[in-house]
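Both counts, for ligands and for their atoms, begin at 1 and track the order of listing. Here the structure is a predicted model, which means the values were calculated and not measured.
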Amino acid sequence: MAADSANEPEGISRKSFMKAALVAAPIPLLLGATPLARAAVEKGEPLEPTPFCGDSGGNTPAQMEGPYFKPSSPLRSTLPGSGTLLTVSGYVFGVNCVPLANVLLDFWQADAYGNYDMQGYTFRGHQFTDSQGRYKLTTIVPGLYPGRTRHLHVKLQAPNKPILTTQTYFPGEPRNNTDSLYDSRLLMNVRANGSGREATFDFVLNVVGTPPTSPGPTPPPNSPSPTPTPPNSPPPGGGTWQAGTTYQAGATVTYGGSTYRCIQGHTALVGWEPPIVPALWQRI
Ligand SMILES: [Fe+2]
């Protein structure tokens, strides 16, 4: 099977590079990627300010479509077939850090043996982000084929906006070093989940999203005045970040001596510590 030809991807901003590096870093890591941010936290070293969507410039880099895309994939978020179970989840953001709803994500990939189904639609499917800008793909780990490292293909399109065609990659793959298309800015965060794999990746489209119009929570009428907050204390709702806790957007926690604000509601997991998941936590 012919390999995708090796075109260089488009130029990328420093923001995307830094974001990808952080996303690639969390532990427990599979296959030996370097835990950059977490290592710094554990050593008590200062961290660079966490870049996240809204940082200056940059969006998910484009990559070539390759020869195996087929239009009209089925609407489904689970791609059935035999292989090592893989889930990929995350958010699609606009460049202004607003999660984008109703974004089309059209995934296609090789089967466990490195073959693409060109007759049917095995391991092909499209879905849309939910109202919170989230997506989740359930599939298998794609096999290798000549000339390429392990990868997923995806096209994304916000409503009435241009299509972004790109690929995502797996950390620690030996062929990452020899595939000229490979781009570390497109590395997923991958960890073991039982006998399967669990990956996360956030896309940033060159689209300006519309911020939510609902006002923030306001105290009800006639409620007692809030207790003044002493200087230098954590914001209300603070506490030490803890795995297993469900956090709402706006909640604040402390971790590693720093304070973070939750920017997307979620249930915390080991490996999603605030310094290394800029899609979920903003350092304040
Ligand atoms: Fe491919």
With a cut-off of 2.8 Å, does Y68 place any N/O/S atom under that distance from the Fe ion (ligand 1)?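 For Y68, the answer is no, given that no N, O or S atom comes within less than 2.8 Å of the Fe ion (ligand 1).
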Could you walk me through whether F203 and Y91 pass ring-ring contact (aromatic ring centres under 6.0 Å, His included), step by step? CA-CA 6 Å; F203 297 93; Y91 292 85; over 10 Å; no
Rounding to 0.5 Å, atoms OG1 (T138) and CD (E198) come to a distance of 10.5 Å
Can you establish whether the number of heavy atoms outside K155 located under 6.0 Å from its atom NZ is more than 12? yes
When the ring centroid of Y260 is compared with that of W241, is the distance short of 6.0 Å? no
What is the name of the N/O/S atom in H151 that sits closest to the Fe ion (ligand 1)?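 This residue's closest N, O or S atom turns out to be NE2.
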Compute the angle centred on the Fe ion (ligand 1) spanning NE2 of H153 and OH of Y116, and express it rounded to 10 degrees. 90°
